[in-house]
Amino acid sequence: MIAIKVTYTIKEDYVDANKENIQIFLDEFKELDNHQFVYTIFQVNGSNTFIHMSQYKNEAIQKELLNMPAFLEFQKQRDLHLLSEPTIESLTQIGMSKNIW
């Protein structure tokens, strides 16, 4: 299993557009076999900081998602409005309340 956390802060005037672009790629993700991944996005309350938490069953599904056109466009647009570079962290799962695979 692969688990990744990405945290980034965007310009305040881009928050609504960022949310719209997130919804576009999530809609595209829903067309895939969602038994192989979990992708969740959070917004830190009252801020322009977002956290993407993703879990993939394997590298093949990770590559498929990260190369989808809507996701690539999201990243391109997000990168134009960043206040600083995203922080990307690889996580090691210790436990889970529910088996998702």
Side-chain angles (χ1 to χ4, degrees):
M1 196 240 344
I2 301 165
I4 305 292
K5 175 185 173 188
V6 178
T7 305
Y8 60 91
T9 302
I10 55 174
K11 297 173 185 170
E12 228 173 286
D13 63 349
Y14 188 69
V15 168
D16 290 338
N18 193 59
K19 289 178 183 179
E20 290 171 13
N21 288 337
I22 287 169
Q23 193 55 57
I24 291 169
F25 80 72
L26 286 177
D27 289 344
E28 197 169 278
F29 284 6
K30 289 175 184 173
E31 297 173 13
L32 300 174
D33 178 5
N34 65 4
H35 292 97
Q36 296 189 62
F37 67 94
V38 176
Y39 199 106
T40 308
I41 302 101
F42 301 92
Q43 180 180 6
V44 176
N45 289 342
S47 80
N48 49 337
T49 297
F50 289 80
I51 300 169
H52 293 231
M53 301 287 295
S54 54
Q55 294 175 273
Y56 310 96
K57 186 174 184 178
N58 56 48
E59 192 173 325
I61 190 64
Q62 180 189 30
K63 285 183 179 181
E64 185 176 352
L65 265 69
L66 299 182
N67 286 299
M68 294 187 76
F71 187 77
L72 293 172
E73 183 61 23
F74 154 76
Q75 286 185 311
K76 178 181 171 184
Q77 294 303 315
R78 179 207 60 199
D79 290 353
L80 294 172
H81 299 90
L82 288 171
L83 289 178
S84 61
E85 288 299 309
T87 301
I88 302 170
E89 300 172 271
S90 293
L91 307 172
T92 301
Q93 181 179 326
I94 302 301
M96 185 177 274
S97 65
K98 177 181 175 182
N99 186 4
I100 59 174
W101 315 122

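- Rounding to the nearest 0.5 angstrom, the gap separating the OH atom in Tyr56 from the CD atom in Glu64 is 11.5 Å.
- With sequence neighbours excluded, the residues that form a side chain to side chain contact (heavy atoms under 4.5 Å, CB included) with Asp33 are His35, Gln36.
- Put simply, the side chain of Asp79 never gets that close to the backbone of Leu82: no donor and acceptor are under 3.5 Å apart.
- Side-chain contact check for Pro86 versus Thr7: every heavy-atom pair is 4.5 Å or farther apart.
- In this structure a side-chain-to-backbone donor-acceptor pair under 3.5 Å is present from Asn67 to Lys63.
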Does the side chain to side chain contact (heavy atoms under 4.5 Å, CB included) test come out yes or no for His81 and Asn18, once each step is laid out? CA-CA 9 Å; His81 299 90; Asn18 193 59; over 6 Å; no
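- Note that CD1 of Ile61 is 13.5 Å distant from CD of Gln55, once rounded to the nearest 0.5 Å.
- Scanning both residues, Tyr14 and Arg78, for their nearest heavy atoms gives OH-N, 3.9 Å.
- At a threshold of 4.5 Å between non-hydrogen side-chain atoms, the residues Tyr39 and His52 count as touching.
- The hydrophobic cluster containing Val38 also contains Met96, counting ILVMFWY residues as joined when their side-chain heavy atoms lie under 4.5 angstrom apart, directly or transitively.
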Cut-off 3.5 Å, no hydrogens considered: what does the side-chain donor-acceptor table look like for residues 42-50, sequence neighbours left out?
from, atom 1, to, atom 2, distance (Å)
Gln43, OE1, Lys19, NZ, 3.1
Gln43, NE2, Ser47, O, 2.7
Ser47, OG, Val44, O, 2.9
Ser47, OG, Thr49, N, 3.1
Asn48, ND2, Ile10, O, 2.3
Thr49, OG1, Thr9, OG1, 2.7

Walk me through it: do Phe74 and Glu28 pass the test side chain to side chain contact (heavy atoms under 4.5 Å, CB included)? CA-CA 12 Å; Phe74 154 76; Glu28 197 169 278; over 6 Å; no
As a quick check of understanding, evaluate side chain to side chain contact (heavy atoms under 4.5 Å, CB included) for Asn21 and Ile24, giving each step before the final call. CA-CA 5 Å; Asn21 288 337; Ile24 291 169; 4.0 Å; yes
Can Leu66 and Phe71 be said to form a side chain to side chain contact (heavy atoms under 4.5 Å, CB included), step by step? CA-CA 6 Å; Leu66 299 182; Phe71 187 77; 3.4 Å; yes
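- A single hydrophobic cluster is not seen to contain both Leu72 and Ile22; linkage of ILVMFWY side chains at heavy-atom distances under 4.5 Å, directly or through other members, places them apart.
- Counting heavy atoms of neighbouring residues, nucleotides and ligands inside a 6.0 Å radius, atom CD of Glu85 does not exceed 12 of them.
- Taking hydrophobic clusters as Ile, Leu, Val, Met, Phe, Trp and Tyr residues chained together by side-chain heavy-atom distances below 4.5 Å, Met53 does not share a cluster with Phe37.
- In this structure, the side chains of Phe29 and Met68 come closer than 4.5 Å at one or more pairs of heavy atoms.
- Both Leu32 and Ile2 sit in one connected hydrophobic cluster of ILVMFWY residues. Membership requires side-chain heavy atoms under 4.5 Å apart, directly or through other members.
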